[in-house]
Amino acid sequence: MRTPRRTAILMALVSLLSTLVVSGVTAQPSSAAPATFVHPGVLVSRPQLDFMRTKVLAGAQPWLDAYDQMRTSKYASLSWTAKPRSVVECGPYSNPNYGCTDERDDAIAAYTDSLMWYITRDSRYAQKAISIMNAWSATITDHTNSNAPLQTAWAGSMWPRAAEIIRYTYTGWSSTSISNFGNMLRNVYLPEVVNGSKTTNGNWELTMMEASLGIAVFLQDRTTYDKAVSIYRGRVPAYVYLSSDGAYPKPPPGSNIDTPAEIISYWQGQDTFVDGITQETCRDFTHTGYGIDAIAHFAETTRIQGQDLYPEIQDRLRFALGVQSKYELGAAVPSWLCNGTLDLGLGPVTEVGFNALHNRLGIGMTNTQTLTLQQRPAGTDGLFVAWETLTHGDNPA
């Protein structure tokens, strides 16, 4: 039998839940960093690396072609020389470009070398990755100018992938160098990305959260991990529209972009919304691809760490991939979509999300599948995407 007090409490909870539903806020599972982090555990796990290596050594496709693409790229050269600098200055579209390209290239080279090491067991590649990471951790102190958060996010997403593989599969990286590298991530990179970016285009904050999450795993920092998950859970619904959101997309939390006119302006003038259109679809597909792949990268890392976010974001990710893939493949653009004109060029960004949703969860994704197979082997965008056919193509682990 309910007491008056219990009834009052129950009614208050129902009222609160109704308010949340009306306001468009849905209950989220609590953020919970793993009690024990999995290593290597940023974007790729040891079972995924083992699957990749087995396929390459067996000469199986598409992994062998993907490996050859990576092996013959400039990033795998054993004569690569790092170009660290104390202050990396990046303006809009990397203009000025003082160390921006060098930093991104070096981070990709370190990751490439870590994959080469794992596949070949040639210690020269591990040592090359270490030399690059040590050079930067001994030198960099800051990122400046307007693109500093994005530049930091791009490089900061790539560094932990390389570092995790080397630290946990190779014995030749000294504890002092590992500590110095961790200090670089904690003191130079994390402060620039950890708080997100509420009012910039969504690919910024999504990539910043990817970097924050990867850094958190390397540092085994549960607080930063939880903060990244919380921001990500707010930004994904504000980046990819679903009809269940209502007449207009959800605003980025904390942005004060909340009126219909402000939302339409933020969505590049688009005023008709269908499942899978993103906040940057009408800007261009290249930046949209950054946002989509950052969503997938983040979910992939949390899955490795035992907190699978794919079920939570699967509808937004699958529709985003599907819509963008459809038009990237050449479908006629309706007049209501971006005034009938799209700036294509999605980039090599479909493998991680497609593998997770189609191969693991069994979701049909015809357009995404066609585009993914057509683009194989997926290479690198020179920013924060690299070799994802090799690492995630049809990878069941």
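Bear in mind that the values here come from a model prediction, so they are computed numbers and not experimental data.
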Side chains of [X] and [Y]: donor-acceptor distance under 3.5 Å anywhere?
{"X": "Trp63", "Y": "Asp394", "answer": "no"}
{"X": "Ser179", "Y": "Thr176", "answer": "no"}
{"X": "Asn195", "Y": "Lys227", "answer": "yes"}
{"X": "Asn201", "Y": "Gln268", "answer": "yes"}
{"X": "Asn183", "Y": "Asn187", "answer": "no"}
{"X": "Thr288", "Y": "Glu280", "answer": "no"}

Q | Any side-chain heavy-atom pair of Leu49 and Pro40 under 4.5 Å | A |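 With C-beta onward as the side chain, the pair touches.
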(Q) Less than 4.5 Å apart, side chain to side chain, heavy atoms only: is that true for Gln270 and Pro249? (A)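 A side-chain contact under 4.5 Å is absent here.
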Q: Would you kindly check if the NZ (Lys) or CZ (Arg) of Arg303 is within the cone defined by 45 degrees around the ring axis of Tyr310 and under 6.0 Å from the six-membered ring centre?
A: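 That pair does not qualify as a cation-pi contact.
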Q) Centre of Tyr170's six-membered ring, under 6.0 Å away, within 45 degrees of the axis: is that where NZ or CZ of Arg167 sits? A)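 Ring-cation test returns no.
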Q.
Could you walk me through whether Val44 and Trp387 satisfy the side-chain contact (heavy atoms from CB on, under 4.5 Å) test, starting with their C-alpha distance in whole Å, then the side-chain angles of each, then the deciding distance to 0.1 Å, before giving a yes or no?
A. CA-CA 11 Å; Val44 287; Trp387 325 125; over 6 Å; no
Donor-acceptor pair, [X] side chain versus [Y] backbone, under 3.5 Å?
{"X": "Gln69", "Y": "Pro377", "result": "yes"}
{"X": "Asp293", "Y": "Gly289", "result": "no"}
{"X": "Thr380", "Y": "Val385", "result": "yes"}
{"X": "Arg222", "Y": "Ala33", "result": "yes"}
{"X": "Glu164", "Y": "Pro160", "result": "no"}

Should the pair [X] and [Y] be assigned to parallel (<30°), tilted (30 to 60°) or perpendicular (>60°) ring geometry?
{"X": "His358", "Y": "Phe354", "result": "parallel"}
{"X": "Phe273", "Y": "Trp267", "result": "perpendicular"}
{"X": "Trp136", "Y": "Trp159", "result": "tilted"}

[Y]/[X] salt bridge by N-O under 4.0 Å criterion:
{"X": "Asp50", "Y": "Arg53", "answer": "no"}
{"X": "Lys74", "Y": "Asp105", "answer": "yes"}
{"X": "Arg85", "Y": "Glu103", "answer": "no"}
{"X": "Asp245", "Y": "Arg316", "answer": "yes"}

(Q) Restricting to non-hydrogen atoms, name the atom on Phe319 and the atom on Leu242 that form the minimum distance, rounded to 0.1 Å. (A)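 Closest approach of Phe319 to Leu242: CD1-CD2, 3.7 Å.
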Q: For Trp204 and Ser197, work out which heavy atoms get closest and say how close.
A: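 In terms of heavy atoms, the two residues are closest at CE3-OG, 4.1 Å.
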Q: Let me know which of Tyr232, Tyr239, Phe384 forms a ring pair (Phe, Tyr, Trp, His ring centres under 6.0 Å) with Phe298.
A: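 Answer after filtering Tyr232, Tyr239, Phe384: Tyr232.
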Q | Arg318 and Leu361: CA distance, side-chain angles, deciding distance, side-chain contact (heavy atoms from CB on, under 4.5 Å) verdict | A | CA-CA 11 Å; Arg318 74 182 178 96; Leu361 298 181; over 6 Å; no
